Amino acid sequence: MMSHMKIEIAPSILSADFCNLERDLKAIDHADLVHVDVMDHHFVPNLTIGEPVVQRICEVTDLPVDVHLMIEDPDRWAPEYAKLGAASVSFHMGATHAPVRLARQLHAMGCKACFAVRPAEAVEPIFDILSEFDMILVMTVEPGFGGQKFLDNQMAKVRRLRDEITKQGLDTKIQVDGGVSPATAHIVAEAGADVLVAGSAVYGAKDRAKAIDDIRAKAEDAYRD
Ligand code: DX5
Ligand code: ZN
């Protein structure tokens with residue numbers, strides 16, 4: 001059914017060694033994107049990195065940089081990440097005040113706009129503005145930390161979203177983030193996700209390249225079913 005879709009794997013550097021970022025970016029150079037989690041101790045109970053480090057990441061990697069903002073006031077800060085060279089910026093439903101204005105502002109800067117929803121947030125409220133976004137991020141854990149258990153109860157949401165995207169004739173991507181591994185890749189792809197973020201499953205593995213290949217293979221299997 002969804003055989004035309006291409007699976008993209010986005011390793012999350014949240015589980016990389018922050019003192020060896022350049023080395024750990026090289027280890028994933030055959031992924032499709034690099035997912036960078038920005039947290040502010042307010043929107044989520046964790047604090048990671050901000051503009052100066054994201055700027056260096058954009059400078060040293062050849063991969064498109066996918067910035068996931070888990071911060072308050074993304075309306076204020078998201079354009080700064082676009083300016084630094086992010087290929088896409090995700091901002092949260094629970095934090096943004098004017099998502100359409102922000103998406104258009106990012107597009108005007110040549111950056112893709114992605115809308116993120118947490119496990120308790122429904123996607124239906126954004127169906128009327130779906131065409132404004134390049135990608136919708138469905139969290140499959142509560143945002144804030146790597147290594148949490150995958151919430152399979154989010155798959156119905158992914159399915160409803162995929163149906164709506166098809167109905168509207170859009171090519172919006174669906175990204176899933178949290179607990180994605182070779183064990184869960186099949187389920188998320190089967191539900192209709194095409195961009196898979198994986199932090200601990202990639203960086204927790206000895207062979208990062210193999211972990212990426214395994215996740216990709218399991219997801220592609222779902223398309224062949
Ligand atoms: C969690 C972050 C994720 C995190 C995923 O809030 O948004 O990107 O790195 O980590 P894993 O894949 O270990 O669940
Ligand atoms: Zn993330």
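Every value quoted in this text rests on a predicted model; they were computed, and no experiment measured them. Start at 1 and go down the list; that is how both ligands and their atoms are numbered.
Using a 4.0 Å cut-off between a side-chain N of Lys or Arg and a carboxylate O of Asp or Glu, D17 and R23 qualify as a salt bridge. Between R76 and E80 a salt bridge is recorded (basic side-chain N to carboxylate O distance below 4.0 Å). The existence of a salt bridge linking E190 and K218 is excluded, since no basic side-chain nitrogen approaches an acidic carboxylate oxygen closer than 4.0 Å.
In this structure, atom 12 (O) of ligand 1 lies nearest to the protein heavy atom G199 N, 2.8 Å. Of the protein's non-hydrogen atoms, F145 O, 3.5 Å is the one closest to atom 1 (C) of ligand 1. Here the heavy atom of the protein found nearest to atom 9 (O) of ligand 1 is S12 OG, 2.8 Å.
On a distance-only criterion, H35 and ligand 1 share at least one N/O pair closer than 3.5 Å. Geometrically, ligand 1 and G179 share a nitrogen or oxygen pair separated by less than 3.5 Å. Checked by distance only, ligand 1 and G147 come closer than 3.5 Å through their nitrogen or oxygen atoms.
When distances from the Zn ion (ligand 2) to the N, O or S atoms of H68 are compared, ND1 comes out shortest. Distances from the Zn ion (ligand 2) to each N, O or S atom of D37 single out OD1 as the nearest. Of all the N, O or S atoms in H35, the one closest to the Zn ion (ligand 2) is NE2. Looking only at its N/O/S atoms, D177 has OD2 as the one nearest to the Zn ion (ligand 2).
Set against the non-hydrogen atoms of G178, the atoms of ligand 1 under 4.0 Å away are 14 (O). Residue P143 approaches ligand 1 through these ligand atoms, each under 4.0 Å from one of its heavy atoms: 6 (O). Remark: ligand 1 atoms within the under-4.0 Å shell around heavy atoms of H68 are 7 (O). Distances below 4.0 Å separate heavy atoms of M70 from the following atoms of ligand 1: 6 (O), 7 (O). Atom numbering of ligand 1 starts at 1 in the shown order; those under 4.0 Å from a heavy atom of G146 are 10 (O), 13 (O). Counting the atoms of ligand 1 from 1 in the order shown, those under 4.0 Å from a heavy atom of S200 are 11 (P), 12 (O), 13 (O).
Neither the backbone nor the side chain of F150 comes within contact range of ligand 1; no heavy atom lies under 4.0 Å.
When each of L69, V44, D177, V197 is paired with D37, the side chain to side chain contact (heavy atoms under 4.5 Å, CB included) condition holds for D177 and for no other.
Remark: D128 CG is loosely packed, at most 12 non-hydrogen atoms of other residues, nucleotides or ligands lying under 6.0 Å away.
No side-chain donor from either of H68 and D66 sits under 3.5 Å from a side-chain acceptor of the other. For the residue pair E164 and Q168, a side-chain donor N or O sits within less than 3.5 Å of a side-chain acceptor on the partner.
With a 4.5 Å cut-off on side-chain heavy atoms, P11 and I212 count as touching.
Comparing heavy-atom distances from atom 6 (O) of ligand 1 across G144, A198, A16 singles out G144 as nearest. Taking all heavy atoms of D177, V141, N46, T48 into account, the minimum distance to atom 8 (O) of ligand 1 is reached by D177.
The aromatic rings of F115 and F91 sit perpendicular to each other, their planes meeting at more than 60°, with 30° as the lower class boundary.
Nearest heavy-atom pair across M39 and N46 is CB-O, 3.2 Å.
We find the CG-CD distance between L161 and Q154 to be 11.5 Å, quoted to the nearest 0.5 Å. A distance of 11.0 Å separates CE of M135 from CD1 of I165, quoted to the nearest 0.5 Å.
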